[in-house]
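Here the structure is a predicted model, which means the values were calculated and not measured. By convention in this document, chain letters (A, B, ...) are assigned in the order of the sequence lines, proteins followed by strands, and residues within each chain are numbered from 1.
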Amino acid sequence: MGLALLAIIWLITFVSSYFFAAKTWWLPHGASASAHWIDHQFALTYLLMGIVFVAAQGALGLFVWQYRDRGVAARKSDYSHGNIKLELLWTVLTAVLFVGLNLMGSPIWAAERFAPAKPGSIPVEVTGMQFAWYFRYAGADGKFGATDPKLMDPSAGSEAAIGLDTSDAAAKDDVVTGTMYLPVNREVDLTLRAVDVIHSFFLPSMRFKQDAVPGLAIHMHFTPTEVGDYEIACAELCGLGHYKMHGMLKVVSQADFDSWLTAREAEKQ
Amino acid sequence: MATLSPTITINDPKTGHGGGVVHPPVTGGGDDGRGGNGSPDYGQRLRRARLGLLVALAPIIMLFVSFTSAYIVRQGLPTLDERTGTYVRDWIQVNLPTALLLVNTLLLMVSSITMELSRRKITREVALAPVKSIPGVSVEEGRGFPWLGSTVVLGVGFLIGQWMAWRELAARGFFLATSPSSSFVYLLTGAHAIHLAGGVLALLYAGVISLTNKPVEVRRIVVDITAWYWHFMALLWIYIFALLEFAR
Amino acid sequence: MVAQDAHAHAAPQGFIRKYVFSLDHKVIGLQYYFLALAAVFVGMFLSLLMRIHLIWPTAILPLIGHIQPETYLSLLTMHGTIMVFFVLTTAPQSGFGNYFLPIQIGAPDMAFPVLNMLSFWTTFVAFVVMLAAFFVTGGAPLHGWTGYAPLSALPSAGPGEQLGADLWITSIAIFCIASLMGALNFITTTLDLRAKGMTMMRMPLTCWSWFITAILGLLAFGVLLSAGILLLLDRNLGTSFYVPLVVVNGQIMGHKGGSPLLWQHLFWFFGHPEVYIAILPGMGVASQLVSTFSRKPIFGYKAMAYALMSIGILGFMVWGHHMFMSGMSPFSAFSFSLMTMAIGVPSAIKTFNWLGTIHGGRVRFQTPMLFAIGFVSLFVSGGLSGPFLAQPVLDIPLHDTAFVVGHFHLIMGVAAIFGMFAGTYYWFPKMFGRLMNERWGRVHFFFTLIGTYCIFMPMHYLGMAGQPRRYSQFTELAYLHNLIPLNKFITYAAFVTIGAQLIFVINLFWSLKKGAKASDNPWEATTLEWITATPPPHDNFGGRTPVVNHGPYEYSVPGAPRDYIMQTDPVTVSTH
């Protein structure tokens with residue numbers, strides 16, 4: 001039985017670790033400026049935790065076999081209530097490991113979240129509602145115009161969905177779309193809004209996630225670094241359509257972005 | 001497929017008895033509330049009941065701590081103005097019927113006094129109970145002032161007064177859902193009132209069993225616990241009143 | 001609430017007094033246990049339907065028909081709620097704790113037997129109200145066991161969010177009251193009813209775990225109750241504690257100025273201690289069994305007790321780690337994450353100590369020990385995914401993905417359950433006088449250990465690949481398509497694993513009548529339950545009061561006549 005336990009525990013450990021190491025299913029390719037740092041911290045955590053995982057499971061499997069009861073002739077158990085020195089040692093080591101890991105990742109968190117977007121970033125407002133995402137670009141005046149809940153009508157197009165108040169001068173040049181376009185290598189200053197319940201704007205490839213909360217306008221930023229199409233998922237349960245509340249981010253060159261935006265503004269006339 | 005057979009082999013089946021030596025009965029163990037002579041140890045039961053009450057006060061405190069923290073945070077929280085996308089303050093101070101609430105507070109404070117007097121009275125009765133059983137000894141037993149009943153009256157008076165305060169709030173335009181500030185006023189006072197009503201029920205229970213022939217020690221425990229609970233409710237009310245008055 | 005002389009009179013007669021409204025903590029413990037057993041089967045059935053729908057979203061099932069996306073979410077909500085409250089908060093604490101805390105400390109009953117009886121029946125009523133949500137118009141709510149507002153606060157936000165949601169909240173509120181009553185009893189009993197010689201530091205670690213769990217519950221459930229009250233007010237009386245100005249389907253709702261984050265703060269202030277409530281008793285049982293079946297004192301008893309206390313205290317300081325992505329201040333996130341890493345330390349100490357107990361022992365592999373060993377393995381696996389989630393920057397890709405689902409299932413959905421299985425196989429002979437079948441216990445163990453790893457380990461991979469949680473199907477997002485095969489594997493593993501639980505149930509009920517007769521102490525264990533008759537009489541110790549002379553884990557003491565010294569044995573050799 002001890003041997004069976006050792007075999008099973010070691011097998012489970014080996015198989016689990018194999019799939020982690022082989023990256024059979026892994027984080028998608030990172031396409032933002034912060035992806036490198038996040039992935040680095042991820043790899044470090046996973047390496048250290050992986051070592052602990054293998055060591056702990058390995059020891060468990062080994063000990064239950066090694067110290068199995070071999071019958072009357074076997075040696076007696078150690079009569080020991082513990083070892084204070086050993087306790088202190090592994091307590092300190094664990095504390096150093098865990099707290100150290102955390103402190104190593106903190107500068108990345110600070111860079112992502114403590115500071116606002118840099119000047120020159122492109123402002124985009126993301127609005128989540130049951131069950132779609134809308135994206136608003138500020139237009140030539142660089143300002144987002146007023147919205148009015150009384151004007152909200154999801155069945156009447158993107159502008160009506162977010163309740164754009166076209167009587168406000170600043171709103172006249174706002175472009176509202178159902179697909180998100182961003183120029184590559186330029187930081188975006190996102191403002192996240194939600195109209196009804198909590199949603200979460202999740203861009204796996206950008207290593208970006210932030211809840212969109214009704215009653216809040218949350219500022220976040222990231223910088224896409226590779227041209228391509230990236231799926232957007234909703235990552236906070238928002239009702240029966242949660243699974244199909246998806247969108248698409250298209251990262252294009254600055255030139256392509258400018259011509260796209262111009263075309264959208266032209267459509268408004 | 002193997003059958004579930006009733007005979008199994010276990011490595012070390014021990015069919016002996018439990019193996020431990022059970023000692024003869026020891027008096028005063030911290031267990032069943034019985035003294036050595038078999039009669040209930042009421043002193044221990046009282047201590048235990050008081051410990052139970054102390055423990056029970058913790059979640060009640062947590063409930064009001066939650067409400068308080070929600071209140072304080074909400075007070076300082078600006079609200080997003082949908083039109084402009086900026087945050088604005090929307091806290092409206094509630095026009096509290098302070099005079100009425102002060103009267104209610106007085107009622108509750110007096111009820112705490114009558115409650116305490118009732119508790120002490122029954123404590124004395126318990127102390128004298130063994131004396132009364134000595135043949136030839138009689139203890140002068142006036143009816144005494146109905147402290148317990150007074151507490152009930154004052155407590156119910158407080159609850160009625162709170163109801164009147166709610167009516168006054170409504171008359172001033174502050175209903176439950178009028179504003180966040182008004183919601184908290186009703187919430188805090190309502191939660192307190194429900195807990196106090198529970199205390200009133202406990203007092204009524206104590207009154208009812210005083211008419212039965214349950215031993216005075218049992219009744220004393222009920223009154224004692226209810227009294228400490230009652231004092232706690234009075235202190236809680238002062239806290240709530242102060243919060244609503246001074247942290248508007 | 002006055003302490004009754006329940007045991008002072010003869011044991012109660014009549015079916016109703018003996019088995020229905022019993023004041024005997026042992027009967028009440030079994031009532032809780034069987035309530036949890038019924039609940040776990042409901043919960044497992046719901047999860048089976050969920051796994052079937054994920055793989056075959058268009059399937060028409062017999063009797064149930066087609067599972068709509070909103071139905072899936074109701075199944076998910078009720079699965080989580082029933083499992084967390086009616087299984088994990090009920091069996092390990094109120095089930096085993098009620099039965100064995102008084103006995104293990106040498107008491108004849110709980111401090112307040114009438115309150116104990118009321119706490120069970122209140123829990124029962126809560127369960128009935130919860131189940132009722134399935135049968136009302138609109139059905140059970142779809143807002144997840146976490147019930148985030150505004151989704152849970154707006155009846156028009158989804159099917160099931162009308163009466164079903166009100167019933168859900170009401171059931172939880174009733175459950176809060178029942179738990180608080182139970183916590184009161186456990187704490188008073190532990191503090192005031194210990195037998196002579198049973199100091200706090202001689203209590204078995206099971207008693208420590210029940211005690212600290214009760215304290216956690218005492219302080220946490222009041223906050224959940226407050227959260228639920230505010231939610232009911234928002235839903236039914238027009239207040240705006242949680243709901244700001246919102247527009248649902250083009251309709252402006254009548255709320256203004258509320259904060260959805262308030263719900264999250266209140267809920268998780270309760271919710272995090274709650275997960276420790278779910279696991280601590282399992283840790284107590286693991287310590288008990290690892291020591292007993294290794295014939296060796298627990299390594300570092302004091303450290304184990306202090307670790308339980310630290311986990312308890314720190315458990316109240318980490319709730320924000322559920323909210324890193326919520327819009328909460330990133331500075332708060334940083335401090336919550338430090339506290340969260342800190343709480344990993346006492347958990348690690350416990351793991352090292354379990355390993356240290358086995359090291360140098362003489363391990364016996366009866367079924368209780370198998371599940372205790374399984375507990376340690378699963379706790380390691382589930383625990384080590386914690387440091388990923390505890391770092392806010394890594395939580396960015398992982399929050400609300402299947403990674404989190406894998407993490408908490410390995411700990412709560414498997415390790416804690418293994419603690420319950422271990423307790424069942426261990427204490428069954430004391431409760432019923434018969435042993436459960438050993439061979440079928442082993443079969444149950446291996447199928448469950450391997451099966452649950454096959455179900456929940458892959459979820460970590462799915463989460464890293466970006467699979468969000470609470471999706472009713474994976475057909476819409478292109479990047480999820482090639483994750484479907486692994487999801488299929490999980491579903492098949494779930495079929496097998498759930499099927500294997502039938503072995504346990506059959507073994508349990510069969511052994512009640514046909515199991516091999518057990519002696520008073522078949523495991524040669526040292527704690528007080530093993531000196532009583534089997535099953536214990538109404539007042540536990542047959543009119544006698546135990547006097548304790550030893551700590552709880554005196555195995556293999558040099559110079560002793562046998563390899564275990566019961567806690568009540570006279571002092572003949574020196575122990576330390």
Side-chain angles (χ1 to χ4, degrees), chain B residues 2 4-26 29-34 38 40 45 47-49 51-53 55-56 58-63 65-67 69-70 73-74 77 79-80 82 90 176-177 179-180 183 187 191 218 221-222 225, chain C residues 1-3 5 7-8 106-108 111-112 180 184 187-188 191-196 218-219 221-223 225-227 230 233 237-241 244-245 257 259 262 266 364 366 435 437-440 510 514 516 519-522 524 530-532 541 543-547 566 568-570:
Chain B
L4 292 167
S5 87
T7 56
I8 45 91
T9 331
I10 291 189
N11 283 340
D12 291 297
K14 284 291 189 279
T15 52
H17 64 92
V21 177
V22 179
H23 291 252
V26 174
D31 46 324
D32 65 349
R34 300 190 81 74
R45 284 215 236 164
R47 272 193 318 100
R48 191 165 297 163
L51 175 61
L53 178 70
V55 172
I60 298 177
I61 292 173
M62 289 310 290
L63 185 77
V65 163
S66 305
F67 289 153
S69 111
V73 170
R74 181 63 186 86
L77 205 63
T79 312
L80 184 67
E82 294 293 320
D90 67 342
L176 174 65
S179 70
S183 299
L187 178 72
V218 170
I221 295 175
V222 175
I225 297 306
Chain C
M1 265 180 47
V2 174
D5 281 329
H7 55 282
F112 306 117
L180 290 172
L184 200 164
I187 293 169
T188 311
L191 290 176
D192 208 35
L193 272 76
R194 280 169 288 122
K196 187 158 184 286
L218 193 78
L219 298 174
F221 275 101
V223 179
L225 184 61
S226 78
L230 299 186
L233 289 174
L237 293 178
T239 52
S240 298
F241 292 106
L245 184 71
S259 168
L262 175 63
L266 291 174
R364 302 175 173 181
Q366 282 96 1
L435 290 149
N437 184 283
E438 205 30 51
R439 188 190 315 136
W440 288 107
W510 183 87
K514 296 276 183 57
S519 65
D520 286 340
N521 189 2
E524 299 184 300
W530 305 105
I531 71 170
T532 71
F541 296 99
R544 298 172 290 187
T545 310
V547 173
M566 315 265 328
T568 45
D569 281 352

task = Could you look at B/L187 and say if it's the side chain, the backbone, both or neither that has a heavy atom under 4.5 Å from chain C?
result =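 Only the side chain of B/L187 comes within 4.5 Å of chain C.
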query = Side chain, backbone, both or neither: which part of B/L77 has an atom under 4.5 Å from a heavy atom of chain C?
reply =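 Just its side chain gets close to chain C.
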key: Single hit among C/L230, C/T239, C/L237 for side-chain contact (heavy atoms from CB on, under 4.5 Å) with B/S183   =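 Result: among C/L230, C/T239, C/L237, C/T239 is the only option passing the side-chain contact (heavy atoms from CB on, under 4.5 Å) with B/S183.
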query = Of the listed residues (B/A58, B/P59, B/P180), which shares the most heavy-atom pairs with chain C below a 4.5 Å separation?
reply =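 Answer, by heavy-atom pair count under 4.5 Å with chain C: B/P59.
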key: Reported CG-to-CD1 distance for the pair B/L53 and B/I221, which is rounded to 0.5 angstrom   =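 Here the rounded value is 12.5 Å.
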ask   = Can you find a heavy atom in the side chain of B/T79 that is under 4.5 Å from one in the side chain of C/P244?
value =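 No, every pair of side-chain atoms sits at 4.5 Å or beyond.
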query = In terms of heavy-atom pairs under 4.5 Å, which option from C/L233, C/L245, C/L219 contacts chain B the most?
reply =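 The answer is C/L219.
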inquiry  = If you apply the rule salt bridge (Lys or Arg N to Asp or Glu O under 4.0 Å), what do you find for B/D90 with B/R74, and how did you get there?
reply    = CA-CA 10 Å; B/D90 67 342; B/R74 181 63 186 86; 3.1 Å; yes
Part of C/L225 within contact of chain B (heavy atom distance under 4.5 Å) =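 C/L225 touches chain B through backbone and side-chain heavy atoms alike.
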task = Start with the C-alpha gap between B/V55 and C/L218, add the side-chain angles, then the distance that decides, and say whether side chain to side chain contact (heavy atoms under 4.5 Å, CB included) holds.
result = CA-CA 8 Å; B/V55 172; C/L218 193 78; 3.7 Å; yes
